[in-house]
Amino acid sequence: MAGAARPGPGAASGRRSPWSLNNPRVRAAVYQAVLVAAVVLGVWYLAANTAHNLEVRKIASGFGFLDREAGFEIGESPFTEYSAADTYRKAFVVGLLNTFRVALIGVVLATLIGTLVGLARLSHNWLIAKFASGYIELIRNIPLLVQLFFWYAIISENLPGPREAANPLAGVYLSNRGIAFPVPESHPVHLWLGVALLAGIALTWLLARWARARQARTGQPFPIFSAGAALILGLPLAVFIAAGAPTALNTPRLTGFNFTGGGVLTPEFAALLAGLTLYTAAFIAEIVRAGVLAVDRGQFEAAAALGLRPRRAMHLVILPQALRVIVPPLTSQYLNLTKNSSLAVAIGYPDLVSIANTAMNQTGQAIEGIAVIMAVYLSISLSISAFMNWYNKRIALKGARR
Amino acid sequence: MSAAPPGTGWAPIVWARENLFYSVTSSLVTLLLAYIAWQVLVPFIDWAVVNAIWSAPDSKPCRAARGVGACWALITEKHRFILFGTYPYEQHWRPTLCILLLLALYVVSAMRRFWRPALAGLWLTGLAAIGVLMWGGLFGMAYVENERWGGLMLTLLLATFGIAAAFPLSILLALGRRSDMPAVRVVCIGYIELIRGVPLISLLIMASVMLPLFLPEGVSIDKLLRAQIAMILFAAAYLAEVVRGGLQAVPQGQVEAADAMGLSYWRKTMLIVLPQALRVAIPPLVNTFIGFFKDTSLVVIIGLFDLLTSIKVAIVEPAWSGFGVEAYLFASLVYFAFCYAMSQYSQNLERELARGKAHYLREN
């Protein structure tokens, strides 16, 4: 092979023929060209096949179907009114809202339960630690889908009908139609409560900025935690009392074969929420445990030696270090929970995937349906990873950039 | 204050005092938890064991014991169906043999002394033998089309073939993601992030409704293979990230030493980098395998006949409907047995590998 000829004495490697395949840069360029060509050709081949198949099956491609009448009912749509006469676009929006609804509530509950269980597993009390680790091992080793079916079976098969509904608390009814519970009678003050809450959060944020700046300038600490809590809880409370504290409740009543009034968690929603929450909580518990264990014991001792009281030591020394370990895997658990909420389709909760599935079966617009699903989930996961990058940059150890 | 020195007295009492009743709060919590456990466990054991109906020709005794005892008779009655789906009844020895063969392969692969290149050959032979046994049509065995495969057998097949095919693909993807060539890197990153960003269900739905559109007219792939392809593509993206973690753990000096010896890229990768990277990555790989094994249950949504589907179908029949709790508890038990075994194995392995590493790391 001519290319393999040993270069003569004094010949630098750069003197090799620039077009020889022995030149690593040429080789790299060739490999990449081949790969790109293969990918482009593959995509083109699939696209051509698809176009041909669509033509043969007489399916019009494009998102025009979104404006057509959907013609199917959706079991629950708590945020907007929806009927079968609405468009597919509206149906997709309802599905998206349902996905967000279960995911948001699930994230909050799973974080609470997961943190509790994770700390419980670190407890000195043998029984608590064993309970926690038993829970984690059990839940993590059973597929989520099986757990969803299990909860759904418990609710729909084993709870009594509405007429014999279990009534564990006044106004709360458990039956195979779901969980009915009282909600506050709607009142104009509710809007102002929300405004007060937002104002409290905004003021706390401003106050925290000011406190940080002052502490940096003068060294004087400010009790930002209690002040913030007072603002966030106190403002809405003040508004509530100022409005005369309306406490009228809308209690569910049995009329005919089901409950009317009050709030209702459907069996599908309750099963999905229970399954997602308990499943994700087991993973979050392990993350929390690892985060706490990652903080060196010496850090507790050093903080104590500096004379920091336990609460301030926790706040200033331990938590920031533990959170650095906890937050990245935690956000990916939130993402997993959101993606797992798509299992709703198996028990009939109308989330985005389930509605897209129905729409695809009705219209044959498979590509568009899948495109909607993928676009939604990709944007969720991209926004979460953007947040992650921002957070990582914020908490990165100064000067320890690698 | 005069307290007894710690650790004196009868050992169980000492242990209980140190671990259960070391303070007032802890004693209260212990008692409360013990009370709750008693309240929950005793009725559960009564229901699941003492009053349970273990076998019955029909569901009448179960209906009579409703709410008092569990109906395991459902499982006894349908166990063949749950294990093998609709595989022809008189041929059940074939999937049985396959399950045993698969279990043997798992056990052999779990033993470190068999971790050598010949293991790959063993796997290829084993999988080929399983294919022959399941399909038949050779050596006087009747042909069984794969629409009739099902039950636990199908779950194991989906998981095993999925991992066996996804693993090599994931290594290529991980290497590609760390490549110096920008185009290769972009393609690999794009693939991995795209797949990891969407739920598995959407891939399965895509495989069942969109894949037929992708293929030229007249070519069709059956449902099982389509789902298997989707699962392979899905698993490869997740495994690739684990393998990448392993690759990052290989010290740069090893790569430079290989370069200095004049090894080509592939020789360097195969002889120096991958053996070290995969060794580090084995525990997280096993964890990903566990996740993948659990995820095979999702094929129920596109109507494949795996373990979970056959359990679901078993209680659709009116005679046995209404025993969902028992059915899904049994499903949980089967999945748990496999996943728990794998996770214990992975934890042991992690400890074992860390033991050898501890000394080496301290020196660094």
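Just so we're on the same page: letters track the sequence lines, and every chain starts at 1. Since we're looking at a predicted model, the values are computed, not measured.
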Practice prompt. Go through A:N357, A:L343, A:L335, A:V39 and name the one with the most non-hydrogen pairs under 4.5 angstrom from chain B.
Written response: A:L343
Fill in: Residue selection (most heavy-atom pairs with chain A, distance under 4.5 Å) from B:A37, B:P199, B:A34, B:S332
B:P199
Practice prompt. Examine whether an atom of B:L298 lies under 4.5 Å from a heavy atom of chain A, and if so say whether it belongs to the side chain, the backbone or both; otherwise answer neither.
Written response: both
Discussion item. Using a 6.0 Å cut-off, check whether atom CZ of A:R27 has over 12 heavy atoms from anything other than its own residue.
Written reply: yes
Worksheet item: Which value, rounded to the nearest 0.5 Å, describes the distance between A:N49 atom CG and B:L213 atom CG?
Response: 10.0 Å
Discussion item. Can you confirm whether more than 12 heavy atoms, excluding those of A:E55, are under 6.0 Å from its CD atom?
Written reply: no
Worksheet entry | Interchain contact, B:F323 with chain A, by part (heavy-atom threshold 4.5 Å) | backbone
Practice prompt. Please flag which part of B:V184 lies under 4.5 Å from any non-hydrogen atom of chain A: side chain, backbone, both or neither.
Written response: both
Worksheet item: For the atom pair CG (A:N53) and CE (B:M210), what is the distance rounded to the nearest 0.5 Å?
Response: 11.5 Å
Worksheet item: Under a 4.5 Å heavy-atom cutoff, which of A:L138, A:L127, A:N125 has the most pairs with chain B?
Response: A:N125
Worksheet, complete the sentence: Under 4.5 Å to a heavy atom of chain B? For A:I373 that would be side chain
Practice prompt. Would you confirm whether B:K294, through its side chain, and A:R140, through its main-chain N or O, come within 3.5 Å as a donor-acceptor pair?
Written response: yes
Worksheet item: For A:S381, is it the side chain, the backbone, both, or neither that has a heavy atom closer than 4.5 Å to a heavy atom of chain B?
Response: side chain
Worksheet, complete the sentence: In this structure, OG of B:S297 is separated from CD of A:Q147 (nearest 0.5 Å) by 10.0 Å
Worksheet item: Checking side chain to side chain contact (heavy atoms under 4.5 Å, CB included) against B:F336, which of A:I142, A:V146, A:I139 comes through?
Response: A:I142
Worksheet item: Does A:N141 reach the main-chain N or O of B:A337 with its side chain, forming a donor-acceptor pair under 3.5 Å?
Response: no
Fill in: Considering all heavy atoms, the nearest B:V325-A:F150 contact
CG1-CE1, 3.7 Å
Discussion item. Please determine whether the number of non-hydrogen atoms from other residues, nucleotides or ligands lying under 6.0 Å from atom NZ of B:K268 exceeds 12.
Written reply: yes
Worksheet, complete the sentence: Counting heavy-atom pairs under 4.5 Å with chain A, the top scorer among B:F214, B:Y335, B:Y265 is B:F214
Worksheet item: By a 4.5 Å heavy-atom criterion (distance strictly below it), what part of A:L144 contacts chain B: side chain, backbone, both, or neither?
Response: neither
Fill in: Top contributor to chain A contacts, counting heavy-atom pairs under 4.5 Å, from B:S23, B:A327, B:G324
B:G324
Worksheet item: Does the side chain of A:H124 come within less than 4.5 Å of B:L20's, by heavy atoms?
Response: no
Discussion item. Quick check against the 3.5 Å criterion: does A:K339 have a side-chain atom that pairs as donor or acceptor with the backbone of B:R196?
Written reply: yes
Item to complete: Could you tell me which non-hydrogen atom of A:V36 sits nearest to which non-hydrogen atom of B:A183, and how far apart they are?
Response: CG2-CB, 3.9 Å
Practice prompt. Check whether A:I370 gets within reach of chain B through its side chain, its backbone, both or neither, counting any heavy atom under 4.5 Å.
Written response: side chain
Worksheet, complete the sentence: The interface call for A:N361 against chain B, heavy-atom contacts under 4.5 Å, is neither
Worksheet item: By a 4.5 Å heavy-atom criterion (distance strictly below it), what part of A:I367 contacts chain B: side chain, backbone, both, or neither?
Response: both
Discussion item. Under 4.5 Å from any heavy atom of chain A, what part of B:I201 do you find: side chain, backbone, both or neither?
Written reply: side chain
Worksheet entry | B:L33 CG to A:F131 CZ distance, which is reported to the nearest 0.5 Å | 5.0 Å
Worksheet entry | Distance (rounded to the nearest 0.5 Å) between B:D295 CG and A:N340 CG | 8.0 Å
Worksheet item: So which part of B:S343 gets closer than 4.5 Å to some heavy atom of chain A, the side chain, the backbone, both or neither?
Response: side chain
Response to the item:
Counting heavy-atom pairs under 4.5 angstrom with chain A, the leader among B:L333, B:L329, B:L203 is B:L329
Worksheet item: Out of curiosity, B:S208 OG to A:M360 CE, how far, rounded to the nearest 0.5 Å?
Response: 8.0 Å
Item to complete: Classify the angle between the aromatic ring planes of B:Y328 and A:F149 as parallel (below 30°), tilted (30 to 60°) or perpendicular (above 60°).
Response: parallel
Practice prompt. Count the heavy-atom pairs under 4.5 Å between each of A:Y377, A:Y152, A:Y31 and chain B, then report the option with the highest count.
Written response: A:Y377
